[in-house]
Q: 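This is the structure I want to talk about, given as C-alpha cells.
Each ligand, and each atom within it, is numbered from 1 in the order the structure gives.
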Amino acid sequence: MLEEISKSIIVALEKRVNFIKKLELEGTDSLRLFHGINEGYPGIAIDKYGDQIIIQTFRRAIETEEIEEIKRIIKSFFKIDLFFSYRHREKGKSHLLYLDKENVNREFNCSEMGLSYEVLDFKQGLDPLLFLDLRSGRRYLSKICKGKTVLNLFSYTCSAGVLAAANGAKFTINVDFSKTWLEYGKLNAKKNNISSDKIRFIEEDFFPVIRQFSGLEVKGRGARKKYTKLNKQKFDIIFMDPPTFAKSNFGAVDIINDYQSLFKPAILSLEDNGEIICTNHTSSVEMDTWIDTLKRCAIKAGKPIKDIDIIEPDEDFPSPDNKHPLKILSVKF
Ligand SMILES: C[S@@+](CC[C@H](N)C(=O)[O-])C[C@H]1O[C@@H](n2cnc3c(N)ncnc32)[C@H](O)[C@@H]1O
C-alpha cells in the first residue's frame with residue numbers, strides 16, 4: 001500500500017514540474033499536488049497552499065508511516081520549508097489527525113495570480129479557504145473584468161471578487177449568507193489593499209438578493225421576514241459558483257434539478273452584452289445537458305445566449321475521460 005501510494009505521488013509531482021513553473025510566473029504558489037481519484041490512488045488529495053501542505057483523505061484514514069512517507073517525498077521535491085497537516089473526512093465531518101507543530105500560531109497565507117489569500121484556520125477545523133479547482137475560472141474573470149461591474153454570487157471567501165477588484169473592475173459585490181466566509185472575504189480584500197469603494201459584501205441569501213437586482217418578486221417563506229432591501233441593479237459580469245444543494249427560507253439551490261431558478265434571475269440582472277461565468281459541481285449532470293438547460297432558460301427569459309465557452313480546470317485537476325465534475329462556462333449574452 002505504502003509503495004503504491006508513494007509511486008503515484010511521485011508520478012503526479014513529476015507531471016507537474018512545468019505547470020508549477022507556469023504558475024510561479026503568474027504569481028501562484030498554490031495547487032493540487034495529487035488528485036488521487038484520477039492519479040492512481042482514489043480517496044486522497046494533497047494540496048499546496050503557499051508553504052502549507054494539506055493532505056486530505058476521504059475513504060480510509062492513513063497511518064503515521066504513510067504521512068511520514070508523503071512528507072518525505074514532497075519535501076525532497078520542493079526542497080523548501082513546508083508545513084504539513086492532515087485531515088480525514090467522514091460522514092460530512094472533517095477530523096484533523098496530524099499537524100506539524102510549527103503550524104500552531106502561524107499566519108496562513110497563499111498567493112494566486114499575484115494576490116494574497118487566507119488559507120485556513122486549523123483551530124476551527126475549517127476547509128481550505130480558497131478552492132483551487134476554480135482557479136481557471138478566476139483567471140478568465142481577471143482577464144475580462146477591467147472597467148466592468150462584477151457580481152460574485154455564492155462568494156464564499158470572495159476570492160473572485162477580490163481578484164476582479166484588483167484587476168480593475170469598476171466595483172464588485174460579493175454575496176454569501178455566511179458571516180464567517182464574508183469575514184474572511186473582508187480580510188482577503190484588506191490583505192490586497194482593495195479600497196472600500198471597489199468592493200461590497202452582502203450577507204444575505206442568494207434568492208432575495210438576485211431577485212431584487214433582477215426586478216423579480218421575492219418569494220418563499222422568507223419573503224415575509226426581514227431581508228436586506230436592495231434596488232434593481234444590472235451588472236456587466238456575474239460570477240456564480242453555487243453549491244450542489246442548499247435549502248433556505250427563500251427556496252432551494254438545486255443545481256441538479258433546477259439550475260434555472262439560479263440562472264434566470266442572473267440573466268435578468270445583466271447589462272446588454274453581459275456575461276455570466278457559472279459553475280456546476282456535480283458529476284451527475286453532463287456538460288451537454290447543462291448547456292441545453294441554460295440555453296432553454298435564456299430563451300424563456302427573453303435573452304438568448306450569443307455564445308458559450310467551456311473553461312477547463314487547470315491541469316492539477318486531471319480528468320482522464322475529459323469529464324471533470326467541476327464544469328465552468330462563460331456564457332455571453
Ligand atoms: C461552492 S461554495 C462557493 C465557492 C466560491 N464561489 C469560491 O470561489 O471559492 C458555496 C458558497 O455558497 C454559500 N451559499 C450556499 N447557499 C447559499 C444561499 N442560498 N445564499 C447565499 N449563499 C449561499 C455558502 O455559504 C458557500 O460559501
Q: Counting from 1, what ligand 1 atoms have a heavy atom of Ala246 closer than 4.0 Å?
A: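 What qualifies from ligand 1 is 16 (N).
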
Q: For atom 2 (S) of ligand 1, tell me which residue out of Phe245, Phe131, Tyr117 has the closest non-hydrogen atom.
A: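 Shortest heavy-atom distance from atom 2 (S) of ligand 1: Phe131.
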
Q: Are any of the N/O atoms on Phe206, whether in the backbone or the side chain, positioned under 3.5 angstrom from an N/O atom of ligand 1?
A: yes

Q: Under a 4.0 Å threshold between the charged nitrogen and the carboxylate oxygen, would Asp236 count as salt-bridged to Lys170?
A: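 Asp236 and Lys170: not salt-bridged.
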
Q: Could you tell me which atoms of ligand 1, counted from 1 in the order shown, lie closer than 4.0 angstrom to a heavy atom of Glu204?
A: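 Matching atoms, with element in brackets: 21 (C).
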
Q: Is it true that Ser284 and Thr282 share a donor-acceptor pair across their side chains at a distance under 3.5 Å?
A: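 Judged by distance alone, the side chains do pair up.
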
Q: To check your reading of the model: name the closest protein heavy atom to atom 8 (O) of ligand 1, its residue, and the distance in Å.
A: Leu134 CD2, 3.5 Å

Q: Among residues at least two apart in sequence or on other chains, which ones pass salt bridge (charged side-chain N to carboxylate O under 4.0 Å, His left out) with Lys306?
A: none

Q: Nearest non-hydrogen atom to atom 10 (C) of ligand 1 belongs to which of Ser248, Pro243, Pro208, Gly137?
A: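 Heavy atom nearest to atom 10 (C) of ligand 1 belongs to Pro243.
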
Q: In the protein, which heavy atom is nearest to atom 3 (C) of ligand 1, and how far is it?
A: Phe154 O, 3.2 Å

Q: Looking only at heavy atoms of Ser159, does any of them come nearer than 4.0 Å to an atom of ligand 1?
A: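 A heavy atom of Ser159 does come that close to ligand 1.
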
Q: Looking at atom 11 (C) of ligand 1, what's its closest protein heavy atom, distance included?
A: Asp176 OD2, 3.5 Å

Q: Just checking, any donor-acceptor pair under 3.5 angstrom between side chains of Asp258 and Ser261?
A: yes

Q: What's the shortest distance from atom 19 (N) of ligand 1 to any protein heavy atom, and which residue and atom give it?
A: Asp205 OD2, 3.3 Å

Q: Taking everything shown except Lys186 itself, do over 12 heavy atoms lie less than 6.0 Å from its NZ?
A: yes

Q: Around atom 14 (N) of ligand 1, find the nearest protein heavy atom and jot down its residue, atom name and distance.
A: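 Nearest protein contact, heavy atoms only, for atom 14 (N) of ligand 1 is Phe177 CE1, 3.5 Å.
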
Q: Is it true that Glu90 and Lys93 have a side-chain N and a carboxylate O under 4.0 angstrom from each other?
A: no

Q: Considering residues at least two apart in sequence or located in another chain, which fulfil the side-chain contact (heavy atoms from CB on, under 4.5 Å) criterion with Lys75?
A: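 Result, side-chain contact (heavy atoms from CB on, under 4.5 Å) vs Lys75: Lys71, Phe84.
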
Q: Please tell me whether Lys198 and Ser196 have a donor and an acceptor in their side chains that are separated by less than 3.5 angstrom.
A: no

Q: Suppose I only count heavy atoms of Trp181 and a 4.0 Å limit; which atoms of ligand 1 are within that range?
A: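 The atoms of ligand 1 under 4.0 Å from a heavy atom of Trp181 are 25 (O), 27 (O).
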
Q: If I apply the N/O under 3.5 Å rule, does Asp241 come out as touching ligand 1?
A: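 Asp241 vs ligand 1: N/O contact under 3.5 Å present.
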
Q: Please check if any side-chain donor atom of Tyr156 sits under 3.5 Å from a side-chain acceptor atom of Ser178, or the reverse.
A: no

